[in-house]
2 protein chains.
Amino acid sequence: MILPATSSAPAIPALPEGFRMTRQRQQVYDVLRDQRDHPTAADLFERTEDISLATIYNCLEALTSAGIVRQVSTDRSSARYCPNLHEHAHFHCSACGSVTDVDPKPRACSTTPWSLPTGSAVETVDTVIHGICPSCSN
Amino acid sequence: MILPATSSAPAIPALPEGFRMTRQRQQVYDVLRDQRDHPTAADLFERTEDISLATIYNCLEALTSAGIVRQVSTDRSSARYCPNLHEHAHFHCSACGSVTDVDPKPRACSTTPWSLPTGSAVETVDTVIHGICPSCSN
DNA sequence: GTGAATGCAAAACCTTTGCAACTGG
DNA sequence: CCAGTTGCAAAGGTTTTGCATTCAC
């Protein structure tokens, strides 16, 4: 007998001790993982069912501080969310508003190209490339 | 007779055709240029006189689209503004919240280290380095 | 003179919060 | 069981808007 394709096996990178994988958190993570278009909280609210908007925000906060989702700010509009944990930048099309992942070049310089003051401790680097995407260039 | 030090000579990079340099826009630009700590709209409202908050926002929008000021989004809090037009990144201290300019290393790789899809047109690249600044490391 | 910019207050928008009810481990 | 999570509605903070007045060119 074949089990119905329940939407979600955990399938999540190492979770912190004591992290509660609730139905809501799983659903939010599933949408992020399956539709990698960097949805906003409102997008996620529409794409899920029986989750309040406040809980969407709670889940995103929980997933973000658990380290399995990154928050992306391309402009002043709603925050977007990204389940890609590999080093990458975000390309933001100023025409259509889409946000896509951009990988580093195969053998790009390995050290930070920025002259940080002595004593600075780097936690994360967020790079947003604004421009026009191939589809909008036509 | 010595003239009182009126706050402002134009002293602004090439302005677009038809840009009206009003008193308010000049004052906002002067504060940005003289106190390069990346103030928010609310900061600028406090540091200027006889300018309404709505006008602060109008001025920032005007200066930004005129290309002489850049908007900086380090997190979800208020937008910050930067009059430094040279290529640089922003270091955001997650402890004290300060934002400082970071210059590129003298001979860092000259081309984008990102594999952009063919047909992408890059307009600007915003890099925010989150971490702990030297003062907060103590 | 005239279109653009300002000031005010109100509205819009995104996100967080307080608190009672519920639930995952 | 019970601390942590949810849902709701209300509040908070930031930014925008409508419109009459004022101003830069």
Side-chain angles (χ1 to χ4, degrees), chain A residues 6-10 12 14-31 38-66 68-81 92 97 99, chain B residues 6-10 12 15-32 38-66 68-81 92 97 99:
Chain A
T6 50
S7 54
S8 46
I12 288 191
L15 285 170
E17 198 67 28
F19 184 92
R20 283 198 192 176
M21 184 49 74
T22 62
R23 172 182 65 79
Q24 293 87 339
R25 290 175 181 181
Q26 183 74 60
Q27 281 180 232
V28 168
Y29 183 75
D30 287 347
V31 173
H38 307 86
T40 62
D43 292 335
L44 291 162
F45 179 64
E46 287 178 1
R47 298 181 193 175
T48 51
E49 289 188 330
D50 303 307
I51 309 182
S52 74
L53 184 54
T55 296
I56 296 282
Y57 279 103
N58 283 342
C59 291
L60 290 169
E61 155 60 22
L63 294 167
T64 300
S65 47
I68 62 177
V69 161
R70 284 171 54 185
Q71 193 184 60
V72 183
S73 297
T74 56
D75 50 25
R76 292 271 93 208
S77 60
S78 312
R80 293 162 164 277
Y81 296 85
H92 174 232
V99 174
Chain B
T6 49
S7 56
S8 47
I12 288 189
L15 286 169
E17 198 69 28
F19 185 92
R20 286 197 188 180
M21 184 50 72
T22 63
R23 172 181 65 79
Q24 293 87 341
R25 289 175 180 182
Q26 183 74 59
Q27 282 179 231
V28 168
Y29 184 75
D30 287 348
V31 173
L32 284 170
H38 308 85
T40 62
D43 293 333
L44 290 162
F45 179 64
E46 287 178 2
R47 298 182 194 175
T48 50
E49 289 189 330
D50 304 307
I51 309 182
S52 74
L53 184 54
T55 297
I56 297 282
Y57 278 103
N58 283 341
C59 291
L60 289 169
E61 155 60 23
L63 293 166
T64 300
S65 47
I68 61 177
V69 161
R70 284 171 55 184
Q71 192 183 60
V72 183
S73 298
T74 56
D75 51 25
R76 291 273 94 207
S77 60
S78 312
R80 293 162 165 277
Y81 297 85
H92 174 231
V99 175

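In the text below, chain A, chain B and the rest are named by the order of the sequence lines, each starting its count at 1. Keep in mind that what you see is a predicted model, and the values were worked out from it rather than measured.
Taking the nucleotide of DNA chain D with the nearest heavy atom to each of B/S78 and A/A62, the more 5' of the two is matched to A/A62.
The distance from atom CZ of A/R25 to atom P of D/dG4 is 11 Å, rounded to the nearest whole Å. In this structure, A/Q27 atom CD and D/dG7 atom C1' are separated by 14 Å, rounded to whole Å. Rounded to whole Å, the distance from CG on A/L53 to C1' on D/dG12 is 15 Å. Note: CG (A/L60) to P (C/dT16) measures 10 Å, nearest angstrom. One atom, CG of A/L44, and another, C1' of C/dT15, lie 14 Å apart when rounded to the nearest Å. Per the geometry, CD1 belonging to B/I56 stands 14 Å off P belonging to D/dT14, to the nearest Å. At whole-Å resolution of the value, CD1 in B/I51 and C1' in D/dT22 are 15 Å apart. Here the P atom of nucleotide C/dC13 and the CZ atom of A/F45 are 16 Å apart, to the nearest Å.
Which of C/dT6, C/dA9, C/dT15 sits closest to the side chain of B/A54 comes down to C/dA9.
Note on B/T55: a base of the nucleic acid sits closer than 4.0 angstrom, heavy atoms only. Residue contacts for B/A79: at a heavy-atom cut-off of 4.0 Å it reaches the sugar-phosphate backbone alone, with no base atom in range.
Although no hydrogens or angles enter the test, the distance criterion places a donor-acceptor pair under 3.5 Å between the side chain of A/H38 and the main chain of A/V99. Without hydrogens or angle criteria, B/R25 side chain to B/L63 main chain gives no donor-acceptor distance under 3.5 Å. With hydrogens and angles disregarded, no donor-acceptor distance shorter than 3.5 Å links the side chain of B/T48 to the backbone of B/I51. Looking only at distances, a side-chain donor or acceptor of A/D43 sits under 3.5 Å from a matching main-chain atom of A/T40.
Within the 4.5 Å cutoff, the side chain of B/D75 has heavy atoms near those of the B/H92 side chain. Here the side chains of B/M21 and B/L15 are in contact, with some heavy-atom distance below 4.5 Å. A heavy-atom distance below 4.5 Å is not found between the side chains of B/D50 and B/Q24.
Considering only side-chain N and O atoms, B/S52 lies under 4.0 angstrom from the phosphate OP1 or OP2 of C/dG7. Dashed line: the shortest gap from a side-chain N or O of B/Y57 to OP1 or OP2 of D/dT16 is not under 4.0 Å. Residue B/R76 places none of its side-chain N or O atoms closer than 4.0 Å to OP1 or OP2 of C/dC14.
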Sort me out a list of protein N/O and nucleotides 19-24 of chain C N/O pairs below 3.5 Å, or just none if empty.
from: C/dG24; atom 1: N2; to: A/R20; atom 2: NH2; distance (Å): 3.1

